[in-house]
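Inspection log for the structure reproduced underneath, given as structure tokens.
Being a predicted model, the structure only gives us computed values, none of them experimental.
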Amino acid sequence: MSEHHYDPRAIEAKWQAVWAAERTWEVTNDPGGDKAYVVEMLPYPSGEPHIGHMKNYAIGDAIAHHKRRTGHRVLHPMGYDSFGLPAENNAIKTGVHPRIATERSIDSFRRAFRSWGVSIDWSRELASHEPAYYRWTQWIFLKLYERGLANRRESAVNWCPNDQTVLANEQVVDGRCERCGAEVELRQLEQWFLRITDYAQRLLDDLDTIDWPEHVKTMQRNWIGRSAGAEVHFRCQALGIDYPVFTTRPDTLFGATFFVMAPEHPDVLRLAAGTPAEAQVRDYVNHALTESAQERGDQEKTKTGVFLGRTVTNPVTGEEIPMYVADYVLMEYGTGAIMAVPAHDERDFAFARAYGLPIRQVVAPADGSKPPADQAYVTKADDARLVNSGDFDGLTPREGFERIVAWLEREGIGRAAVSFRLRDWLISRQRYWGCPIPIVYCEDCGIVAVPEDQLPVELPEIEDYQPRGRSPLAAAEQWVNTTCPACGGPARRETDTMDTFVDSSWYFLRYCDARNDKAAWDPAALRQWMSVDQYIGGVEHAILHLLYARFFVKVFADMGLLDVQEPFQSLFTQGMILGPDGQKMSKSRGNVIPPTPLIERHGADAVRAYILNMGPPDQDAAWNDSALQGTHRLLMRLYTLGSQLAADAGGPLATGVAQPAAPSGDALTLVRKANWAIERVSSEFHGRFGFHNAIAAVTELVNELYRLPDADPAARRFAVATAASLIFPFAPHTGAEVYELLSGQRVWEQPWPTADPEMLTAETFELVCQVNGRLRDRVTAPSGAQREQLEQLALRAPGLRAHLDGHEIVKVVVVPGKLVNVVVR
RNA sequence: GCCGCGGUGGUGGAACGGUAGACACGGCGGACUCAAAAUCCGCUGCCCGCAAGGGCGUGAGAGUUCGAAUCUCUCCCGCGGUACCA
């Protein structure tokens with residue numbers, strides 16, 4: 001027994017040493033052959049990798065191995081998203097420099113990935129905090145700046161009072177900081193933005209060209225939030241100013257009975273000035289601006305607002321309608337002002353009710369019925385008609401939309417327009433541990449880009465990481481004070497750093513040419529590898545990271561630096577591994593499963609294979625220690641079979657693992673089962689990555705081998721070698737070891753097995769015999785049997801007699817190779 | 001509210017419109033052992049029955065079909081995203 005003892009530690013150490021010494025997984029950029037680019041989402045290195053990382057790489061590595069063995073040159077690299085807040089917050093607490101802590105974590109990540117046996121091309125390893133990397137992040141910023149896609153402007157921004165920094169819209173969840181949970185405040189600050197909104201339409205349209213989970217695409221579509229409508233100008237006669245509004249319902253223009261501006265609208269105070277409403281407006285605006293995003297976003301609260309003391313003219317009715325300021329109108333969307341149509345918009349209706357404003361119905365059901373009076377009638381379906389709308393009466397809302405927009409265009413007071421929910425990407429962060437923005441401010445020249453040949457602008461060493469409402473970099477006087485690259489005069493450096501999402505929006509490009517110190521990449525390298533064929537990561541990045549990366553790729557394509565329009569052709573979103581209690585793993589719940597002790601006990605292969613065996617990999621699944629034992633047992637059984645057969649043969653036989661010719665009896669059963677397993681495992685790589693089904697197929701093959709211990713050794717060798725070959729993508733060390741025991745060969749150098757069609761069908765099959773769709777018997781039938789013969793076999797099946805006697809046979813349904821269903825009355 | 005995804009044994013889950021529950025866990029029984037662990041073998045959806053066998057079963061209800069977990073409609077429940085976006 002002991003000589004067949006499965007010792008994962010020894011096996012794993014052996015193969016990891018081989019792969020490291022021979023640099024087995026490195027690829028060059030030499031062209032030729034089919035390529036496959038497989039990438040797992042860039043990990044943030046903090047402490048040690050957790051079990052979720054292991055799932056990520058178990059999936060990606062299986063795909064990479066399969067691609068290699070199906071004739072692809074595979075690029076499967078690794079890197080670290082190594083700038084970011086946790087390391088900096090840790091520095092504030094402990095005084096340990098973020099670089100020290102981060103690099104320590106990177107070491108531990110690297111060690112872990114090696115101990116998991118992941119097939120990574122380590123020659124392309126990168127880390128976003130290294131100057132050799134962020135030099136090019138800065139270069140990208142400059143390119144965007146040159147193209148007018150990066151600009152600095154004052155804006156109301158989300159401010160996290162705890163982290164003391166600005167957040168992107170996407171990092172605010174329910175009015176709170178995504179990271180620390182503090183309630184987010186609004187502040188007016190000068191900030192750097194990237195103009196992702198310029199790409200909104202393309203980001204939306206090109207979703208149709210990529211193979212991503214539908215729900216992820218839906219999330220992105222909703223986030224981009226395209227609305228088609230019209231811009232309409234409302235004139236304030238008293239001040240002689242036209243105010244544009246955006247509306248998706250120009251067909252309801254005749255029902256606009258008042259006009260509302262956001263409290264942040266720059267003209268609000270000016271409009272109210274000199275009117276009796278002035279003081280009240282001032283108070284209201286001041287109050288609204290101090291409200292938290294949370295309070296303001298509460299839809300349950302009664303709508304509030306204040307009359308501005310002015311009116312605008314409804315361009316179609318010519319009526320003077322009152323102007324209000326109200327916090328339910330948002331400055332960030334549309335023009336920061338709306339036409340209010342209370343009869344057909346819920347929010348306007350609520351406001352009109354609260355302030356006794358007129359509600360004029362301009363859309364009615366076509367059948368003449370009355371819509372309920374206590375709510376807005378919100379429909380633009382074709383069973384409604386315009387009313388009280390002058391010449392447009394009787395039109396459907398759809399027709400009204402077209403005709404009123406055409407009329408507005410003719411009159412020069414409006415036009416068709418599209419509005420997006422997507423906001424520009426705010427990248428300034430008042431923090432230390434990030435990529436410096438390569439800009440200086442000169443008294444004479446203003447904003448000046450740091451010339452490319454002076455990159456990188458290196459992050460200086462500082463003593464005090466404490467944020468004080470400005471970047472800690474601002475205190476590094478030596479560094480901040482510089483000379484203007486344009487005029488040589490005194491200048492100050494930008495002290496904000498970039499959002500770390502900038503770093504991670506292009507790393508997959510850098511992998512293609514990771515050691516290039518002359519350029520961010522050689523376009524030829526990208527031509528060779530891009531797009532990423534398979535991207536694997538968590539759904540939590542469905543919006544932010546994936547949208548930003550798509551944006552960058554489109555910009556680079558426009559700059560001629562890249563030939564593709566999308567970074568990730570195919571995306572797989574893995575589910576979470578939950579604690580044994582079915583809850584999300586967290587230190588506070590005490591249900592965290594650290595990978596290292598598991599690996600020491602069961603081996604990396606067992607843990608990897610178990611993770612894949614937990615269920616469909618895109619689903620969440622709770623950890624179960626005893627189920628892990630089950631997968632461990634499979635590997636052990638496979639190893640035992642291999643080592644016994646090898647011992648029986650007196651060692652590896654180079655030609656001894658081929659499919660034996662003309663097997664019979666138990667040998668035939670095994671050969672068939674092996675071919676069936678090849679078919680099943682292979683199919684999972686082309687569909688849903690249901691690797692639990694693939695592993696189940698290998699399990700069945702192994703079980704069959706245990707059931708037939710006396711089958712011909714040649715057939716057994718073939719079956720065991722096949723099982724080893726098929727399990728290799730999921731348990732690479734064990735697969736390699738067993739394959740070598742039998743053949744002396746390296747399994748990863750063998751082509752992926754293909755099923756022998758001859759062995760996929762038997763000469764007989766079990767014919768299912770039904771009466772009225774209910775199973776009554778099963779009989780053995782020849783595989784090639786014709787309908788007539790099958791029908792006769794079924795009608796003679798003993799189990800059917802009782803159900804046929806005394807009944808009239810109405811019809812007989814025959815599915816060749818499957819079943820016969822006798823329909824009786 | 002809106003959008004999306006789900007609901008199958010004690011558990012995780014299988015199942016091109018064609019044998020529901022593969023595979024695994026757990027449970028029960030057995031072999032080995034002084035004993036235990038490990039390992040190996042068998043049984044294991046529920047109900048009736050000594051058995052042979054029969055009945056019931058994929059959230060609920062209807063429909064299409066020779067045949068529905070699978071397709072259609074209505075409803076219930078759960079999960080995820082999003083939410084004053086004009």
Side-chain angles (χ1 to χ4, degrees), chain A residues 1 5 173-174 213-223 225-227 229-230 232 245-249 252 256 260 262 296-301 303 326-330 332-341 344-348 350-351 419-423 539-540 542-543 575 582 610 613-616 618-631 633-634 636-637 640 680 690 692-703 706-707 709 766-778 799 802 810-815 817-824:
Chain A
M1 186 66 209
H5 175 64
V173 175
D174 289 335
E214 207 46 52
H215 67 278
V216 175
K217 291 198 201 182
T218 303
M219 278 190 243
Q220 292 221 343
R221 284 192 191 103
N222 292 343
W223 193 263
R226 182 185 196 271
S227 302
V232 185
V245 301
F246 174 75
T247 177
T248 53
R249 296 297 304 276
T252 64
V260 192
R296 183 161 169 182
D298 182 5
Q299 287 159 65
E300 300 307 309
K301 77 170 185 188
K303 300 234 176 313
D327 67 1
Y328 81 92
V329 173
L330 308 175
E332 312 89 73
Y333 187 76
T335 61
I338 62 158
M339 67 177 212
V341 184
H344 307 293
D345 180 277
E346 282 171 33
R347 297 148 302 177
D348 298 342
F351 191 80
S419 187
F420 292 95
R421 207 191 81 118
L422 184 69
R423 305 267 62 85
V539 244
E540 64 273 19
I543 298 170
Y610 165 61
N613 212 9
M614 289 174 83
D618 56 341
Q619 267 176 42
D620 294 353
W623 187 263
N624 178 345
D625 263 316
S626 25
L628 164 64
Q629 300 277 359
T631 308
R633 197 170 295 131
L634 166 68
M636 186 204 72
R637 282 157 70 88
T640 303
R680 283 216 45 172
H692 60 308
N693 292 328
I695 294 169
V698 176
T699 308
E700 286 195 48
L701 176 56
V702 168
N703 288 347
Y706 268 76
R707 236 174 264 133
E766 203 172 57
L767 178 70
V768 169
C769 305
Q770 298 178 324
V771 176
N772 288 346
R774 304 190 55 113
L775 174 73
R776 295 300 175 188
D777 206 350
R778 292 161 207 187
V810 179
K811 107 188 208 189
V812 180
V813 180
V814 181
V815 182
K818 266 268 154 68
L819 61 76
V820 174
N821 184 19
V822 185
V823 184
V824 301

Rounded to the nearest angstrom, tell me the gap between atom NZ in A:K811 and atom C1' in B:rC66. 5 Å

Can you figure out which of B:rC40, B:rG81, B:rG18 approaches the side chain of A:R633 most closely? B:rC40

If you measure from the C1' atom in B:rG27 to the same atom in B:rG59, how many Å do you get, rounded? 26 Å

Treating A:R637 as the side-chain partner and A:V702 as the backbone partner, does any N or O pair qualify as donor plus acceptor under 3.5 Å? no

Between the side chains of A:N222 and A:R421, does any donor sit under 3.5 Å from an acceptor? no

What distance, rounded to whole Å, do you find between the two P atoms, one in B:rU70 and one in B:rG6? 13 Å

Under 4.0 Å between any heavy atoms, over every strand shown, what does A:G225 touch: base, sugar-phosphate, or nothing? Just pick one. nothing

Inter-nucleotide P distance (B:rC50, B:rA60), Å rounded: 31 Å

Whole Å only: how far is the CZ atom of A:F351 from the C1' atom of B:rA86? 14 Å

side-chain hydrogen bond (donor to acceptor under 3.5 Å, both in side chains) partners of A:N772, counting only residues at least two apart: none

Assign A:Q629 to base, sugar-phosphate, or nothing according to its heavy-atom contacts below 4.0 angstrom with the strands shown. nothing

Can you identify which nucleotide, out of B:rC23, B:rU39, B:rA86, has its nearest atom closest to the A:M636 side chain? B:rU39

Starting the side chain at C-beta, find the nucleotide from B:rU19, B:rG81, B:rC84 nearest to A:K303. B:rC84

Is A:V245 touching bases, backbone alone, or none of the nucleic acid, heavy atoms closer than 4.0 Å? nothing

Would you indicate which nucleotide in B:rC25, B:rU82, B:rA86 comes nearest to any side-chain atom of A:F246? B:rA86

Reckon A:N703 touches a base, only the sugar-phosphate, or nothing at all at heavy-atom distances under 4.0 Å? sugar-phosphate

Could you tell me whether A:R637 contacts a base, only the sugar-phosphate backbone, or nothing, with contacts defined as non-hydrogen atoms closer than 4.0 Å? sugar-phosphate

I'd like to know whether NZ of A:K818 has more than 12 heavy-atom contacts from other residues, nucleotides or ligands below 6.0 angstrom. no

Starting from the C-alpha separation in whole Å, work towards a yes-or-no answer on salt bridge (charged side-chain N to carboxylate O under 4.0 Å, His left out) for A:E700 and A:R707. CA-CA 10 Å; A:E700 286 195 48; A:R707 236 174 264 133; over 6 Å; no

Gap in Å between the two C1' atoms, one belonging to B:rA52 and one to B:rC66, rounded: 29 Å

In whole angstrom, what separates A:R423's CZ from B:rA83's P? 12 Å

Selection from B:rA20, B:rU82, B:rA86 that lies nearest to any side-chain heavy atom of A:L775: B:rA20

Would you mind building the protein contact string for nucleotides 6-16 of chain B? One character per nucleotide, 5' to 3', B for base within reach (heavy atoms under 4.0 Å), S for sugar-phosphate only, - for untouched. ------SSSS-

Please classify the nucleic acid contact of A:T631 as base, sugar-phosphate, or nothing, using heavy-atom distances under 4.0 Å. nothing

Which of these nucleotides, B:rG54, B:rU19, B:rC84, is closest to any side-chain atom of A:E766? B:rU19

From CE of A:M219 across to P of B:rC79 the rounded distance in Å is 16 Å

Residues that A:P616 engages under side chain to side chain contact (heavy atoms under 4.5 Å, CB included), provided they are two or more places apart: A:D618, A:Q619, A:H692

For B:rG9, does the O4'-C1'-N9-C4 or O4'-C1'-N1-C2 angle fall within 90° of 0, making it syn, or is it anti? syn

What's the CD1-C1' distance between A:I338 and B:rA86, to the nearest Å? 6 Å

Distance below 4.0 Å between A:S227 side-chain N/O and B:rA86 OP1 or OP2: yes

For A:T252, what residues pass the side chain to side chain contact (heavy atoms under 4.5 Å, CB included) criterion, not counting sequence neighbours? A:R249, A:M339, A:V341, A:H344, A:V362, A:V363

Separation of A:D777 atom CG from B:rG54 atom C1', in whole Å? 15 Å

Check whether any side-chain heavy atom of A:Y328 sits under 4.5 Å from a side-chain heavy atom of A:I338, and report yes or no. yes

Determine the interatomic distance between P on B:rG21 and the same-named atom on B:rA69; round to the nearest Å. 12 Å

Among the nucleotides B:rG81, B:rG18, B:rA83, which one has an atom lying closest to any side-chain atom of A:V813? B:rG18

Please determine whether a side-chain nitrogen of the Lys or Arg among A:E346 and A:K303 lies less than 4.0 Å from a carboxylate oxygen of the Asp or Glu. no

Nearest 0.5 Å please: distance from the CG atom of A:N821 over to the CZ atom of A:R776. 11.0 Å

What is the nucleic acid contact for A:A696, judged by heavy atoms within less than 4.0 Å: base, sugar-phosphate only, or nothing? base

Which listed nucleotide (B:rG81, B:rG18, B:rA24) is nearest to the side chain of A:Q770? B:rG18

Using whole Å, what does the distance between atom P of nucleotide B:rG4 and atom NZ of A:K217 come to? 15 Å

What nucleotide among B:rA83, B:rC3, B:rC41 has an atom nearest to a side-chain atom of A:R421? B:rA83

A:N624: which residues meet the side-chain hydrogen bond (donor to acceptor under 3.5 Å, both in side chains) condition with it, sequence neighbours left out? A:S626

Closest non-hydrogen atom pair, A:Y610 against A:A627: CE1-CB, 3.5 Å

Considering heavy-atom distances to RNA chain B, does A:R774 or A:D327 have its closest nucleotide positioned more toward the 5' end? A:R774

Defining pairs by Watson-Crick or G-U wobble geometry with both distances under 3.5 Å, how would you list the stems of RNA chain B with at least three pairs each? B:1-7 with B:76-82, B:10-12 with B:23-25, B:26-31 with B:39-44, B:45-48 with B:53-56, B:59-63 with B:71-75

Round to the nearest Å and state the distance from A:D348 atom CG to B:rA86 atom C1'. 7 Å

Euclidean distance for P, B:rC32 against B:rA22 (whole angstrom): 30 Å

Counting side-chain heavy atoms from C-beta on, which of B:rG81, B:rG54, B:rA86 comes nearest to A:R776? B:rG54

Take atom P in B:rU44 and the same atom in B:rC34, then report the distance between them in whole Å. 32 Å

Between A:I695 and A:L819, which has a closest nucleotide on RNA chain B that is more 5'? A:L819

Rounded distance in Å between the P positions of B:rC23 and B:rA35: 32 Å

Distance, nearest 0.5 Å, that separates CZ of A:R226 from CG of A:L422: 13.0 Å

So what does A:F420 touch, heavy atoms closer than 4.0 Å: a base, only the sugar-phosphate, or nothing? nothing

